[in-house]
Amino acid sequence: MSHDADLGREQPRIIAALEDGSAVGAGQALRRIDTHMSHLFLGEGRAYKLKRALRHPFADMTSVEGRRVACEAELAVNAKLAPGLYEGVSPVVHDRQGAICVGGDGVPMDWVVVMRRFPDGALLSEMAQTNTLTWEAVEEAVKAVAGFHAAQPPTTSTGHTADYRRILAGLRETEAQGAAALGVAPASSALFEALERSLTRLSPLIEARRERGHIRRGHGDLHLRNICRFEGRILPFDALEFDPALATADVIYDIAFLLMDLRAQGLDDLANSAMNAYWDTTGQDDEALALLPFFMALRAAVRMAVSVEAGDLVEAARYRALGCD
């Protein structure tokens, strides 16, 4: 067994030490939140994000080194989007007494991203659920994303029609694997077939926009759970870090995630206003508008596949229906 494989087996003990607070010297247990790719531990003033030692169709986090690289990449991209929210990357080691701790000398058993803690209710998804999400907050989020896009250099090396076909293939695989683990059959063939047809029809426009410089490194995962209010500012955070190529696409594909998720929450008026704000801020044209329904449906398929992988078939069905709408 490899050295990394040995260390990967330590994650249950690391999780326990973070959850009871001993790994960070807290005098109380930390609140734990599990996502499909990470464990998040919320302390009084800080949060600690541990990548789960799993292999996904789109990312391999089974080695300690792979998780370190992912943590460093997460810090690099999110420090630009959410300055002040991300503090650094720390190793998880044994201290001199043999206890598990975050930071210090020794052979890293694992790595965590260290963040400032924002209060409960600060996520835009939480505001949407409590009917407190305002146009001002959405507008600030849109302008932050538009500014991030504008600061990124354009590229023509990705954003091809073939790249979106690979995304579709990856989503099919993610849903199939998640469904198999749950003992059910994949349910999205109609959605994927419709997306394939739309992609073929829109291919000339997709390629033309690529040549005109609309392909930029984006957030990559811009739904409402990944935008928060922190110290009086609205900040997108938790940008996709494990595959920069996957997050580098037409800017409309990036903002489409937010617009789709607003619609998923029944906030169609806010989605329309957010679209207009992005178009006005960035000078998008009618060709971008022609691509938007396809990109929003593809983003709904992303959320569907992730929901199946996470075992939430109710949420998967909601996003599947939205993608087929």
Side-chain angles (χ1 to χ4, degrees), residues 18 21 24-26 28-51 70-90 102-103 111-152 217-242 247 254-255 257-262 264-265 267 270-271 273-274 277-278 281 303:
L18 282 163
V24 295
Q28 58 188 15
L30 306 188
R31 179 177 157 204
R32 172 179 162 184
I33 298 174
D34 297 330
T35 71
H36 68 292
M37 292 193 70
S38 301
H39 302 292
L40 191 64
F41 302 89
L42 305 181
E44 186 172 340
R46 286 181 174 80
Y48 305 87
K49 188 175 183 182
L50 175 72
K51 307 290 184 184
C71 286
E72 295 285 0
E74 179 171 347
L75 177 65
V77 64
N78 285 287
K80 299 174 184 177
L81 279 161
L85 184 59
Y86 285 75
E87 291 195 337
V89 173
S90 293
V102 172
W111 297 83
V112 293
V113 177
V114 183
M115 304 170 61
R116 298 275 301 283
R117 170 81 185 273
F118 51 76
D120 292 344
L123 295 175
L124 264 60
S125 58
E126 295 170 316
M127 298 178 198
Q129 291 168 1
T130 57
N131 296 316
T132 58
L133 182 58
T134 65
W135 160 238
E136 289 77 15
V138 173
E139 181 182 34
E140 191 174 344
V142 168
K143 289 184 176 180
V145 174
F148 180 73
H149 288 166
Q152 306 307 306
R217 174 44 158 114
H219 182 286
D221 200 19
L222 191 66
H223 52 81
L224 293 171
R225 296 178 201 170
N226 286 343
I227 309 173
C228 70
R229 185 185 298 280
F230 177 70
E231 295 184 340
R233 295 174 296 167
I234 299 295
L235 299 177
F237 72 103
D238 203 16
L240 190 153
E241 86 288 345
F242 53 81
D254 204 37
I255 197 66
F257 215 150
L258 174 58
L259 306 183
M260 179 279 299
D261 213 27
L262 286 167
Q265 303 300 321
L267 301 172
L270 280 180
S273 297
Y278 187 82
T281 302
R303 291 302 301 165

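Side chains are part of it too, since the values below use all heavy atoms of this structure and drop only hydrogens, waters and symmetry mates.
Applying the side-chain hydrogen bond (donor to acceptor under 3.5 Å, both in side chains) test to residues at least two apart or on different chains, the pairs with a partner in residues 114-127 are Arg31-Asp120, Arg116-Glu231, Arg117-Asp120. Residue pairs meeting the ring-ring contact (aromatic ring centres under 6.0 Å, His included) criterion with at least one partner in residues 220-240, sequence neighbours excluded, are Phe118-Phe237, His223-Phe257. Sorted by first then second residue, the salt bridge (Lys or Arg N to Asp or Glu O under 4.0 Å) pairs that include residues 137-149, not counting sequence neighbours, are Glu139-Lys143.
For Asp238, the salt bridge (Lys or Arg N to Asp or Glu O under 4.0 Å) partners at least two apart in sequence or on another chain are Lys49. Taking Gln129 as the reference, nothing meets the side chain to side chain donor-acceptor pair (under 3.5 Å) condition, with sequence neighbours excluded. Qualifying side-chain contact (heavy atoms from CB on, under 4.5 Å) partners for Ala137, counting only residues two or more places apart in sequence or in other chains: Leu133, Thr134, Arg229, Ile234. Shown here are the side-chain contact (heavy atoms from CB on, under 4.5 Å) partners of Ala26, two or more places apart in sequence or in another chain: Val24, Leu30. Qualifying salt bridge (Lys or Arg N to Asp or Glu O under 4.0 Å) partners for Arg225, counting only residues two or more places apart in sequence or in other chains: Glu315. Thr132 pairs by the side-chain contact (heavy atoms from CB on, under 4.5 Å) definition with Met127, Thr130, not counting sequence neighbours. Taking the salt bridge (Lys or Arg N to Asp or Glu O under 4.0 Å) definition, one finds that Glu241 meets it with Lys51, sequence neighbours left out. Among residues two or more places apart in sequence or in another chain, the ring-ring contact (aromatic ring centres under 6.0 Å, His included) test is passed with Tyr278 by His149.
When every heavy atom of Ala128 is checked against every heavy atom of Leu267, the shortest pair comes out as CB-CD1, 3.9 Å. Residues Leu259 and Ala274 come closest through the heavy atom pair CD2-CB, 3.6 Å. The shortest non-hydrogen separation linking Pro236 to Ala141 is CG-O, 4.5 Å. Shortest non-hydrogen contact noted between Ala247 and Gly220 is CB-CA, 4.1 Å. Considering all non-hydrogen atoms of both residues, Val102 and Ser90 come closest at CG1-CB, 3.7 Å.
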**OP:** Determine, stepwise, if the pair Asp34 / His39 fulfils side-chain hydrogen bond (donor to acceptor under 3.5 Å, both in side chains).
**Re:** CA-CA 5 Å; Asp34 297 330; His39 302 292; 2.7 Å; yes

**OP:** Start with the C-alpha distance between Leu235 and Leu81, add both sets of side-chain angles, then the distance that settles side-chain contact (heavy atoms from CB on, under 4.5 Å), and finish with yes or no.
**Re:** CA-CA 7 Å; Leu235 299 177; Leu81 279 161; over 6 Å; no

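A 4.5 Å side-chain heavy-atom check between Leu262 and Leu224 finds at least one atom pair inside the cut-off. At a threshold of 4.5 Å between non-hydrogen side-chain atoms, the residues Leu85 and Asn78 do not count as touching. Between Leu124 and Asn226, the closest side-chain pair of non-hydrogen atoms is not below 4.5 Å. For the pair Val114 and Val89, the minimum side-chain heavy-atom distance is 4.5 Å or more. Between Val77 and Arg217 the shortest side-chain heavy-atom distance falls below 4.5 Å. At least one side-chain heavy atom of Ile255 sits less than 4.5 Å from a side-chain heavy atom of Leu222. Inter-residue side-chain proximity for Leu40 and Tyr48 is flagged as unmet; no heavy-atom pair is nearer than 4.5 Å. Looking at Glu87 and Arg46, their side chains come closer than 4.5 Å, going by heavy atoms from C-beta outward.
The line from CZ of Phe242 to SG of Cys71 is 13.5 Å long, rounded to the nearest 0.5 Å. Expressed to the nearest 0.5 Å, how far CH2 of Trp111 lies from CG of Leu50 amounts to 13.0 Å. If you take CZ on Arg233 and SG on Cys228, they are separated by 9.5 Å, rounding to the nearest 0.5 Å.
No donor-acceptor pair under 3.5 Å is formed between the side chain of Asp254 and the backbone N or O of Gly218.
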